[in-house]
Protein chains: 2
Amino acid sequence: MTQTLASRPAPEPVDPLRVWFRFVRLQHRLSAAVGAELRTIGLSIPQFDLLSTLTEREGSTQQELAERLYVTKGNVSGLVDRLVEAGLVERRPIPGDRRSHALHLTERGRSLAERGIAAQRAYVARTLGRLPAGDVAELERIVLAWREEARSAAAEA
Amino acid sequence: MTQTLASRPAPEPVDPLRVWFRFVRLQHRLSAAVGAELRTIGLSIPQFDLLSTLTEREGSTQQELAERLYVTKGNVSGLVDRLVEAGLVERRPIPGDRRSHALHLTERGRSLAERGIAAQRAYVARTLGRLPAGDVAELERIVLAWREEARSAAAEA
DNA sequence: GCGAGATGGTTCTCATGTAAACTATCTCGA
DNA sequence: TCGAGATAGTTTACATGAGAACCATCTCGC
């Protein structure tokens, strides 16, 4: 700090930790809001995440879904159990590999997933989507930069 | 879209939904990293959140903590049970109100909380803190703007 | 073609989260 | 002062998450 003139209005100092807290709380709030939307169609967030991933990757195995969703395969196991129970997903045998199953959406599963995707898209559109396009692009850029720093930090350790 | 000249390189269109996904995944990744740091001192994220809140609000009731942490009071009940069990927190009676307790950190609880705060601050400093200060300020600005849109959306509904 | 290690799933235990029912206590107006 | 409603906490039921132990099956080098 070589600033010696105290006469101009002090710019608010930026504390990364404070920004981190805001970031986390916002994510918490937004997830709760999206979760509330999804609940109206009978889905939880993890269930919806799994179904919507399946719409783009029909026939995935549980292991693939676990990697995609960043959760353990044990977790996916129970999640799929409940979705099968609810009639939204099917486990189909894979010829030539008796260890794994191909997961497929049922008619109802696909329909619910699509309604969920629409609800999610609508929520994002009427919150983030109302910011100036430049801000959204800027947010993406900063998020990607932050991610890179996180990767570097993880690599160092 | 009144743009008629197709000759210049198309700017990457910004899809708010894609930015939302990046945002959520980044938060997931960062929380996992902070959680790993905290685990080395024997705390989970929720435990740490509760302890660090207590360092600033010694004597809070469980209800107050629940509001502050955005979780249910039932959840805080079990969390405090485990922290008391671990010798990090005490429930003290409040004269004049036999329904509630004032929560206080024990010596060990305060010490652990402070180590956790330092670890968290260090992690944020070596990821977000390495971005240009302008980016951090910009991120905060956009996060606050997004939060306002989320509030408006919630109010409309 | 066999056996060691890799891979896919399930299951266990435990922590955390919600929602809702329940108990104890407090507050306040008639 | 009494009793209805508010408030603080606990408890129960259940979903979700991690991590680790465990089985079945598959792959690959020899």
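Just the heavy atoms: all of them, side chains too, but no hydrogens, waters or symmetry mates, feed the values below. By convention in this document, chain letters (A, B, ...) are assigned in the order of the sequence lines, proteins followed by strands, and residues within each chain are numbered from 1.
Using a 4.0 Å cut-off, no side-chain N or O of Gln62(A) falls inside it from OP1 or OP2 of dT7(C). Between Ser100(A) and dT25(D) there is no side-chain polar atom (N or O) within less than 4.0 angstrom of OP1 or OP2. Taking only side-chain nitrogens and oxygens, Asn75(B) comes nearer than 4.0 Å to OP1 or OP2 of dT18(C). Under 4.0 angstrom from either OP1 or OP2 of dA18(D) there lies at least one side-chain N or O belonging to Thr72(A). For dG19(D), the OP1/OP2 oxygens have a side-chain nitrogen or oxygen of Arg39(B) closer than 4.0 Å. When the side-chain nitrogen and oxygen atoms of Arg91(A) are compared with OP1 and OP2 of dG8(C), none of them lie within a distance under 4.0 Å. The shortest distance between the side-chain N/O atoms of Arg82(A) and the OP1/OP2 oxygens of dT16(D) is below 4.0 Å.
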Kindly determine whether Phe23(A) and Trp146(B) satisfy ring-ring contact (aromatic ring centres under 6.0 Å, His included), including the steps that lead there.
CA-CA 10 Å; Phe23(A) 183 87; Trp146(B) 192 354; 8.9 Å; no
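Considering only the side chain of Gln47(A), dA15(D) comes nearest among dT10(C), dA15(D), dA6(C). Proximity note for Pro46(B) (side chain, C-beta onward) versus dG17(C), dG17(D), dA19(C): the nearest is dG17(C). For Arg99(A), whose side chain is taken as the heavy atoms from C-beta onward, the closest listed nucleotide among dC26(D), dG17(C), dA18(D) is dC26(D). Comparing dA15(C), dT16(D), dG8(C) by their closest approach to the side chain of Ser44(B) singles out dA15(C). When distances run from any side-chain atom of Thr61(A) to the nucleotides dG9(D), dC26(D), dG9(C), the shortest one goes to dG9(C).
No side-chain N or O of Glu107(B) forms a donor-acceptor pair with one of Ser111(B) less than 3.5 Å apart. No side-chain N or O of Glu148(A) forms a donor-acceptor pair with one of Ser152(A) less than 3.5 Å apart.
Here Arg110(A) pairs with Glu58(A) in a salt bridge; the nearest charged N to carboxylate O distance falls below 4.0 Å.
Distance alone, capped at 3.5 Å, is enough to place a donor-acceptor pair between the Thr106(A) side chain and the Gly87(A) backbone.
Between the side chain of Arg98(A) and the base of dT25(D), no donor-acceptor pair of N or O atoms lies under 3.5 Å.
Annotation: of the two residues near DNA chain C, Ser60(A) and His28(A), the 5′-most nearest-nucleotide partner is Ser60(A).
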